[in-house]
Every structure is written in C-alpha cells, then in structure tokens.
J.: 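Submitted below is the structure of interest, expressed as structure tokens.
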Amino acid sequence: MTVRTRFAPSPTGMLHIGGVRTALFCWLYARRHGGAFILRIEDTDRERSTPEAVNAILEGMQWLGLDHDEGPFYQTQRMDRYGEVIQQFLREGKAYHCYCSKEELDEMRAGQTARKEKPRYDGRCRQRKDPVPGVNPVVRFLNPDAGSVVVNDVVHGPITFDSGELDDLIIARSDGTPTYNFCVVVDDYDMKITHVIRGDDHINNTPRQINMLRALGVAPPLYAHVPMILGPDGAKLSKRHGAVSALQYRDDGFLPEGLLNYLGRLGWSHGDQEIFSLEEMTRLFDIDDVNKGASALNIDKMLWTNQQHIMRATPERLAQYLLPQLAALGIETEDLAKVAAVARAQQERARTLKEMAQNSVFFFRDVTTYDEKAAKKNLTAEAAPLLQSVRDRMAALGDWQATKLHELVQAVAAESGAGLGKVAQPIRVAVSGGSVSPPIDVTLEILGRDTTLQRLDRAIAACAA
RNA sequence: GCUCCCAUCGUCUAGAGGCCCAGGACACAGCCCUCUCAAGGCUGGUACGAGGGUUCGAAUCCCUCUGGGAGCGCCA
C-alpha cells in the first residue's frame, strides 16, 4: 500500500503555526514512506473563504518547501460529486430529508440542555413520509443507533465512541450545498487517502466520518490525531503570539528549515537530538513517535533553533534571504558577493536574518553618528594616536586581507603597550558606529580600504572634539 | 451539562517495571575562552499533579480525584 496523506486547510484565515506543523507531519510522513502528499483546500464555507487566504496558504507552503504531489484540489469544484453521493445515500435509505425549522431545533436543544443532556438531533424526521410544503429540507445522514465505533488512532491508541452519542448530522444544507464532515469523507475516499493526520480537535468528528465511510462500503483510513499547539502562556493560540501567518515568520527572518525544525520538535523527538536538517527529519520521522499532549510555543527556543540553522547554512544561501531584509531597511545592493561575506561574518551572531540585517547596516551605509556611550568610552584623546597609527599603516598595507589586518592591529597594540582591546574597540566604533561587530579584521576586510580609512579619519577627528 | 482527549523541570522533551534519589535542550546564574557581540566549553538550581492499589521493585501498569483541552451548528 502506498502512503497517501493530505493537508486540508480551510482558507478562512491565515495559515498559522498549528496548520504548518500539521502540514509538516503529513509531508514528512509521505516523504519518509515514498508516498504522495496531497493539498486540498476546504472552501465549502463560501461566506468566510477568501482568495487572499488561499494565496497565503499556497505561498506559505511554497516558502517552507512543503511541496505537494497532487492538487491543490478545491472542494467548491467538486460539488457535482458531493451531490452524487448525497443522492446515492438518499436512494439507499442511508440519509433522509429533515424539515425541522431553526426554531424547532433551538427549542429541542434548549430542552435537552435544561435536562442536562448533550444537545443532539433526536431523529424526529426519520419517519416522515411527506414533504412539508414551502420548506426546503436539509439532508441528514442516518446514523446507526446501536453499537459503537472504535477509532484506532495511531497516536492515541483505540478510542471508543458509543453510537448513541452520535446524532444524524446534516450533510446537505437547505440550499443543497454539502457540509464539512461529509465532504471530508467523500474527498478522503476519492483521493484514496491512507493516513489522515490532523489536529486532535477532530477526534470527535472521526466516528461520524467512519460511519459515513461504512455507509459508502469502504474501509476507513488510518487516523493520527496530533496534539494542538498552545501559546507561550499555555493558553490557546491567539493573535497576540503564535497565531500569525506563517509568512510573518519569513518576514521576521526565519529560515524555512529553522521554523520547520522547531515545529517538528514540538510534540515529536528523536532521543536527545535538537537540530535536524529537513533530510534528517524526513529520514527519522515517524508518526507514532508523536506525543499525545499539547505543547506550548517557546519563542526563545524557536529563535535559538533558527540561529543554529543560520550557523549551518551556506553564506550564499543566507545572502539570498538577507537581501530582502536589507531592502526592508532601505539598502539596495547588487553586490551578492559582499552580502554573502557579511552573512558569513554574521552567521553565528544573529538569531534571525532580520536581526542580521539590522546589525549589518554599517557595511552598506556610511557611519554618520556614533553610539553615544561607545564613543564616549572609545573615541578618546587617548585613543586618537592609536587610531592614527592604525590608519597610517593601513594606508600602506599591501594585501587588504583579514590575516594581514589582524597582524597590523596586533602590532600597534604591542608597540603601544596597550591590550588588543584598547586598539580594536576604537576601530570598531569608528567603522561600525557602535560597540558590536564581527571580529575587527574580518569587518575591515569586507569594508575595504577606502571606506575604512575614511571612517578612521572621521573618528580621529571626533576624538579631538 | 454530556462525550472524548491529555498530564515528567518555567518551556520543549528522554523515559515503553529495576540502567532514574530521573537524562538532554531552551531560558536563567556563575566560570572559562576572548578585540566587542556572539558561538563554544564547564558548573549550578528547579520536574515525575494528588491519593489509592498491583509488584520484591513504578515516572513507567490499574482505579479514583484534581487540573487542562476539544467537541456537542444548515462553521470548518
């Protein structure tokens, strides 16, 4: 049996972190087993579905590299097929028309609630023979009254539901359009899905879906209900923290593999290993290693994970992501080699590409002001002669290379009797404007001789002032 | 209210009866390295929700409780 998984978001909002992780698990499982990953857009709710949301899903999946083998399929384009199955159910006596009005239903539920019962449809239209004039009926699925349904969940183990708990759910609205639980069943069947991997908020829908699958005469797929993701405070994900679009993480400077690694480690693990390449995760992932309990987002660890991936990425690849981050700061450059060099110099001191860009502005833009504290401490009368000496020697330096620059700075420090820091730090302030930068030799090499000399001159002048 | 799910450091987790007076990671503190910031190394503190069983022995199995979550729509 070839594995076929699907990710089936509804385009009613953004693609958030929880959806991304579900998609990742589906994708990983399919890839691991050489199966197919199918993308399906569940847009039957025409009121709330938007083309923007569809695009955000597609774009997010593409950015993350979670490529699908089939689809995207849109439920709104499969209406004929749903209608066909509804007619079949009706014909076979597996579904029936219900003429109950909204008021009648409300009243029934109010009574049940008052009696402390679970609100559910009581099947009063099951026996009805004649249509009610002037009422467009809904179609309800006829659920078995007796027995039980057991969901053999891959992560939870067997879960048993008493059939009495399940009522006759509506599969077609009075306007004829099919509803969610029904569409899922038809789709999963038609698309030959073997493993339904989804959030565990769907556990309670599963027995109903299994009953419909049985009515269709087919064996249900394997189900794997993965735990939900909570906000950093342990409460439900809200807009305040994680429930932002996946694309927001891209804009915030996350690497796809960084985000995916963090999300993958939420609810899944492989011994003590924390950092996984996508290839490793694909090789190691197994759905029954997934935890049962919900897990809370931890932004610090997410940032740390991303940093680990930045450190492992090639400078060239980083440059590609750094470019738009620089552009966001108003820095347009064509010099890819320089951007890559900056990325290499910065890659172990940035948790996100955005942070890297922010800390690298001085590589691309003139230093016109100094950080006040840094200048006060380093651009002093005492530092002036050291900077002058450095400046003169640099002007005369043969090869403008980090190793040579390092020797030069070291020589000045040795001759002056001051520590290396006494020399390096003023240079750092001079060329970067602040007190933090990559190692000074590497920094100067990237900056080049002209820029360096010019910034040193300016700093020497500032020392006198 | 009813049904279902879940429960190890603050957080993510390892742990499938003895290897655990519980291991790793993030965060935090201290130290080392060091031209800054990082990265890296070392050290430290903090957890098996509670109560009952089963067993020679339980974080691991069973029961009850407590706490959290989800579902109960002509939403998905």
Side-chain angles (χ1 to χ4, degrees), chain A residues 8-13 42-45 47-49 75 98 100 102 105-106 109 112-121 136-140 151 153 156 159-162 164-167 169-175 177 179-181 183-184 199-207 225 227-228 230 232 234-236 262 265-275 291-305 307-308 311 346-351 359 374 378 406 409-410 413 419-429 432 434-441 443:
Chain A
S10 60
T12 52
E42 310 214 322
D43 55 354
T44 50
D45 185 354
E47 305 291 302
R48 298 196 298 150
S49 297
Q75 291 188 323
C98 166
C100 295
K102 185 114 176 83
L105 259 20
D106 285 345
R109 279 192 275 260
Q112 288 163 334
T113 308
R115 270 173 274 128
K116 303 195 171 189
E117 289 168 11
K118 181 176 180 173
R120 49 195 285 287
Y121 183 66
N136 286 325
V138 299
V139 177
R140 287 184 186 272
V151 179
D153 194 281
H156 293 274
I159 306 170
T160 307
F161 292 87
D162 197 81
E165 291 299 327
L166 280 18
D167 62 357
L169 74 157
I170 292 174
I171 59 176
R173 304 181 181 95
S174 48
D175 66 0
T177 58
T179 58
Y180 169 77
N181 275 108
C183 295
V184 167
D200 66 11
D201 48 335
H202 286 287
I203 287 181
N204 291 292
N205 286 329
T206 310
H225 288 98
M228 317 221 63
L230 274 22
K236 203 166 136 185
Y262 175 73
R265 269 291 280 104
L266 227 45
W268 173 81
S269 62
H270 180 74
D272 287 340
Q273 189 171 346
E274 295 288 349
I275 302 301
N291 284 162
K292 299 176 188 186
S295 38
L297 234 40
N298 183 315
I299 306 300
D300 280 323
K301 187 156 184 179
M302 188 157 95
L303 289 165
W304 175 82
T305 305
Q307 177 170 36
Q308 292 296 316
M311 289 191 292
Q346 297 280 39
Q347 73 185 133
E348 62 185 26
R349 60 200 92 237
R351 297 186 300 176
N359 293 336
N378 296 290
H406 181 72
V409 174
Q410 227 166 10
L420 192 52
K422 286 280 185 232
V423 183
Q425 202 56 7
I427 301 175
R428 174 167 285 116
V429 177
S432 77
S435 57
V436 176
S437 87
I440 203 64
D441 48 357
T443 302

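Chain letters run A, B, ... following the sequence lines, proteins first, then strands; residues in each count from 1.
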J.: Please determine, for B:rC56, whether a Watson-Crick or G-U wobble partner exists with both distances under 3.5 Å, and give it or none.
T.: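 In the structure as shown, B:rC56 has B:rG18 as its Watson-Crick or wobble partner.
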
J.: Take atom P in B:rC37 and the same atom in B:rA29, then report the distance between them in whole Å.
T.: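 Nearest-Å result for B:rC37 against B:rA29 at atom P: 15 Å.
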
J.: For RNA chain B, whose closest nucleotide is more 5', that of A:T113 or that of A:D300?
T.: A:T113

J.: So what does A:F161 touch, heavy atoms closer than 4.0 Å: a base, only the sugar-phosphate, or nothing?
T.: sugar-phosphate

J.: It should be established whether A:H225 places a side-chain nitrogen or oxygen under 4.0 Å from OP1 or OP2 of nucleotide B:rC5.
T.: no

J.: Watson-Crick or G-U wobble partner for B:rG10, using a 3.5 Å limit on both distances?
T.: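 Paired with B:rC26.
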
J.: Measure the shortest side-chain to side-chain distance between A:E42 and A:C183 over non-hydrogen atoms and say whether it is less than 4.5 angstrom.
T.: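 Side chain of A:E42 against side chain of A:C183, heavy atoms only: no contact under 4.5 Å found.
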
J.: Which letters describe nucleotides 58-76 of chain B, given B = protein heavy atom under 4.0 Å from base, S = only from sugar-phosphate, - = neither?
T.: ------------BBBSBBB

J.: Starting from C1' on B:rC26, measure out to NZ on A:K301 and report it in whole angstrom.
T.: 5 Å

J.: Just by distance, do the side chain of A:N291 and the backbone of A:G293 share a donor-acceptor pair under 3.5 Å?
T.: no

J.: Tabulated below should be each protein N or O lying under 3.5 Å from an N or O of nucleotides 14-20 of chain B; please produce it.
T.:
unit_1 : atom_1 : unit_2 : atom_2 : d
B:rA14 : OP1    : A:S269 : OG     : 3.0

J.: If pairing requires Watson-Crick or G-U wobble contacts with both distances under 3.5 Å, which nucleotide is the partner of B:rC37?
T.: none

J.: For B:rC33 versus B:rA25, give the span between their P atoms, rounded off to a whole number of Å.
T.: 22 Å

J.: Quote, to the nearest angstrom, the C1' distance that separates B:rG51 from B:rA58.
T.: 15 Å

J.: At their closest point, which heavy atom of A:T179 faces which heavy atom of A:I170, and how far apart are they?
T.: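 That closest heavy-atom pairing would be OG1-O, 2.7 Å.
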
J.: Taking the side chain as every heavy atom from C-beta outward, state whether A:F161 and A:I203 have any pair of such atoms under 4.5 Å apart.
T.: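 The answer is yes, as the side chains (C-beta and beyond) meet within the 4.5 Å cut-off.
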
J.: Could you tell me how far apart A:E165 (CD) and B:rC2 (P) are, to the nearest whole angstrom?
T.: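 It is 11 Å, rounded to the nearest whole Å.
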
J.: So, is A:K292 close to the B:rC6 phosphate, meaning a side-chain N or O under 4.0 Å from OP1 or OP2?
T.: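 Checking B:rC6 against A:K292, a side-chain N or O does come within under 4.0 Å of OP1 or OP2.
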
J.: Is there a donor in the side chain of A:R173 and an acceptor in the side chain of A:T177, or the other way round, less than 3.5 Å apart?
T.: yes

J.: Who does B:rC2 pair with, Watson-Crick or G-U, both distances under 3.5 Å?
T.: B:rG71

J.: Within a strict 4.5 Å, meaning less than it, do heavy atoms of the A:Q308 and A:E274 side chains meet?
T.: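 With C-beta onward as the side chain, the pair stays apart.
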
J.: What is the distance, rounded to the nearest whole Å, between atom CG of A:L303 and atom C1' of B:rC12?
T.: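 Roughly 14 Å, once rounded to whole Å.
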
J.: Counting only Watson-Crick pairs (N1-N3 plus N6-O4 or O6-N4) and G-U wobbles (N1-O2, O6-N3), all under 3.5 Å, who is the partner of B:rU46?
T.: none

J.: When rounded to the nearest Å, what value does the distance between C1' atoms of B:rA16 and B:rA59 take?
T.: 11 Å

J.: Taking all non-hydrogen atoms of both residues into account, name the closest pair between A:Y262 and A:N298 and its distance.
T.: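 Taking A:Y262 first and A:N298 second, the nearest heavy atoms are OH-N, 2.7 Å.
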
J.: How does protein contact run along nucleotides 28-41 of chain B, one letter per nucleotide 5' to 3', with B for base contact, S for sugar-phosphate only, - for none, heavy atoms under 4.0 Å?
T.: -------BBBBSS-

J.: Please report, rounded to the nearest Å, how far the P atom of B:rG10 is from the CG atom of A:L297.
T.: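 These atoms are roughly 19 Å apart.
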
J.: Do A:I159 and A:H225 touch side chain to side chain, with heavy atoms closer than 4.5 Å?
T.: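 The answer is no; the side chains never approach within 4.5 Å.
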
J.: Is a side-chain donor-acceptor pair under 3.5 Å present for A:Q112 with A:R109?
T.: no

J.: Do A:D167 side-chain atoms and A:Y121 backbone N/O form a donor-acceptor pair below 3.5 Å?
T.: yes

J.: Under a 4.5 Å cut-off applied to non-hydrogen side-chain atoms, are A:R349 and A:N359 in contact?
T.: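 No, too far: nothing below the 4.5 Å cut-off.
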
J.: Looking only at atom P, what distance separates B:rA7 and B:rC12, rounded to whole Å?
T.: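 Rounded to whole Å, the distance is 12 Å.
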
